[in-house]
Protein chains: 2
Amino acid sequence: MNVETALQRLKEKGYKRTKQRERILEIFVKQDQYIAAKEILKEIQNDFPGVSYDTIYRNLYMLTDVDILEATELGGEKHFRLGCDTHGHHHHFICTTCGKTKSIEFCPMDSINENLSGYDVENHKFEIYGKCPQCH
Amino acid sequence: MNVETALQRLKEKGYKRTKQRERILEIFVKQDQYIAAKEILKEIQNDFPGVSYDTIYRNLYMLTDVDILEATELGGEKHFRLGCDTHGHHHHFICTTCGKTKSIEFCPMDSINENLSGYDVENHKFEIYGKCPQCH
DNA sequence: ATTTAATTCGTAATGATTATTATTTCGAGA
DNA sequence: TCTCGAAATAATAATCATTACGAATTAAAT
């Protein structure tokens, strides 16, 4: 996923192209890892000193809505990263030091053999936490 | 796990027996589901109008530390429930409406076959979210 | 009963997120 | 190109969960 493709998808959905959105997308394309909202804010303030959290959150949620980003919760903060529609559904190893991730292709829902009749499964979370080779 | 057993374990670890702690434990023993901090506060204020969040959180974290409770994050809020040391390690289906859980004996770490050499695995989370039969 | 450290209370601070309103900007159509 | 309305943003302020802190209280050991 590159910036232009993402902006194209936004356009199809009726969203406008703004400098701030471009910049947000650039950040995610450049860094392939989970990033907290405040990191995004800090980064963008280099170019747009006045950006507010409102802009950040509104865009992060919107981008998650249209499946350009995906979100998870790390240490009480929402983190976002580029959705990987290239790999399809998968999970992550998440480094608890630097936040970098490694894709886990294995999905427990494929192997699980548990009786869940009567239960309406909407979602699931499988994440492995630890230290990546660099932080180890 | 009943209240007395829990208080016994606390005593062994050097923690004092207080009315507030008893009351917190009672709540968890009575309701076998994930509960948010503010629910605990509300419940306890019936008996102790003056309890502060400080007391709630300090105790919830302490009880999680000594493995009497276990924690998860639901909708941006930390939720707690009695730990289930009877069954050993397992996971949960969590109802996103009422917080009730169903044990999942299957653990993905037993089936996973992914190359994680160089990575130091410390922990993992596997949870299934949805509606339980009652809330469905 | 005395002592002491643990615990609680009352309240204030923090930090992430959400909401509000006025202003600006994008981009479709004249 | 110009104009206009909708969408997006800036600049706050408000909210909500969580954490912090000093003073007062209390459990329990001696």
Side-chain angles (χ1 to χ4, degrees), chain A residues 3-4 6-27 34-66 68-69 71-80 99, chain B residues 3-4 6-27 34-66 68-69 71-80 99:
Chain A
V3 176
E4 284 309 320
L7 286 167
Q8 184 57 38
R9 194 184 298 185
L10 288 189
K11 190 173 185 176
E12 285 161 14
K13 303 256 182 182
Y15 294 104
K16 292 180 177 171
R17 175 189 191 115
T18 70
K19 299 190 274 304
Q20 293 86 341
R21 256 168 210 169
E22 275 181 49
R23 196 71 192 73
I24 289 176
L25 285 167
E26 273 173 26
I27 293 167
Y34 277 110
I35 312 175
K38 64 179 173 200
E39 313 284 349
I40 302 292
L41 182 76
K42 203 189 302 172
E43 186 77 19
I44 288 194
Q45 283 183 328
N46 296 332
D47 298 327
F48 306 94
V51 277
S52 69
Y53 265 118
D54 183 80
T55 300
I56 304 299
Y57 280 108
R58 189 166 21 74
N59 280 304
L60 291 179
Y61 288 147
M62 182 271 282
L63 290 168
T64 305
D65 250 16
V66 301
I68 289 175
L69 298 183
T72 192
E73 193 119 10
L74 286 174
E77 289 175 47
K78 293 187 181 72
H79 285 64
F80 301 82
Chain B
V3 176
E4 283 310 318
L7 285 168
Q8 183 58 34
R9 193 186 299 186
L10 288 189
K11 190 171 185 177
E12 285 161 15
K13 303 257 185 182
Y15 294 104
K16 291 181 179 173
R17 176 189 191 115
T18 70
K19 299 190 273 301
Q20 293 86 340
R21 257 169 211 167
E22 276 181 50
R23 195 71 192 73
I24 289 176
L25 286 167
E26 274 173 27
I27 292 167
Y34 276 107
I35 311 175
K38 64 179 170 199
E39 313 284 350
I40 302 292
L41 182 77
K42 203 188 303 174
E43 186 77 20
I44 288 196
Q45 282 181 328
N46 295 332
D47 298 325
F48 306 95
V51 277
S52 70
Y53 266 117
D54 184 78
T55 300
I56 304 299
Y57 280 107
R58 190 165 21 74
N59 280 304
L60 291 179
Y61 289 146
M62 183 271 283
L63 289 167
T64 304
D65 250 16
V66 301
I68 290 175
L69 298 183
T72 192
E73 195 121 7
L74 288 174
E77 289 175 46
K78 292 186 183 76
H79 285 64
F80 301 83

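Nothing here was measured: the structure is a model prediction, and the numbers come from that model. Each chain gets a letter, A, B and so on, in the order its sequence line appears, and its residues count up from 1.
Comparing D:dT18, C:dT7, D:dA8 by their closest approach to the side chain of B:Y57 singles out D:dT18.
In this structure, A:E73 places its CD atom 10 Å from P of D:dT18, rounding to the nearest Å. The distance between atom CD of B:Q8 and atom P of D:dA28, rounded to the nearest whole Å, is 12 Å. Atom pair B:E39:CD and D:dA17:P shows a separation of 10 Å (rounding to whole Å applied). The nearest whole Å value for the distance from the NE2 atom in A:H79 to the P atom in C:dA16 is 10 Å. Here the C1' atom of nucleotide D:dA28 and the CZ atom of B:R21 are 13 Å apart, to the nearest Å. The distance from atom CG of A:L60 to atom P of C:dT18 is 10 Å, rounded to the nearest whole Å. In this entry the distance linking CG of A:N59 with P of C:dT18 reads 14 Å, nearest Å. Rounding to whole angstrom units, CE of residue B:M62 and P of C:dA6 are separated by 13 Å.
When each of B:Y61 and A:T55 is assigned the nucleotide of DNA chain D bearing its nearest heavy atom, the one mapping closer to the 5' terminus is A:T55. Each of A:K38 and B:Q20 was assigned the nucleotide of DNA chain C with the nearest heavy atom; the assignment lying further toward the 5' end belongs to B:Q20.
For B:E73, the side chain to side chain donor-acceptor pair (under 3.5 Å) test picks out no residue, with sequence neighbours left out. Remark: A:Y34 engages A:H92 in a ring-ring contact (aromatic ring centres under 6.0 Å, His included) (not counting sequence neighbours). Residues satisfying the salt bridge (Lys or Arg N to Asp or Glu O under 4.0 Å) criterion with B:R23, sequence neighbours excluded, are B:E26, B:E43, B:D47. Scanning for side chain to side chain donor-acceptor pair (under 3.5 Å) contacts around B:K13 gives an empty result, with sequence neighbours left out. Contacts of A:F48 classified as ring-ring contact (aromatic ring centres under 6.0 Å, His included), with partners at least two apart in sequence or in another chain: none.
Rounding to the nearest 0.5 angstrom, the gap separating the NZ atom in B:K78 from the NZ atom in B:K38 is 13.5 Å.
Not a single donor-acceptor pair under 3.5 Å links the side chain of B:R21 to the backbone N or O of B:L7.
Checking the phosphate oxygens (OP1, OP2) of C:dT7, no side-chain nitrogen or oxygen of B:R58 falls inside 4.0 Å. In terms of phosphate contacts, B:K78 brings no side-chain nitrogen or oxygen within less than 4.0 Å of OP1 or OP2 of D:dA17.
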Contact state string [nucleotides 19-30 of chain C, B base, S sugar-phosphate only, - no protein heavy atom under 4.0 Å]: BB-----BS---

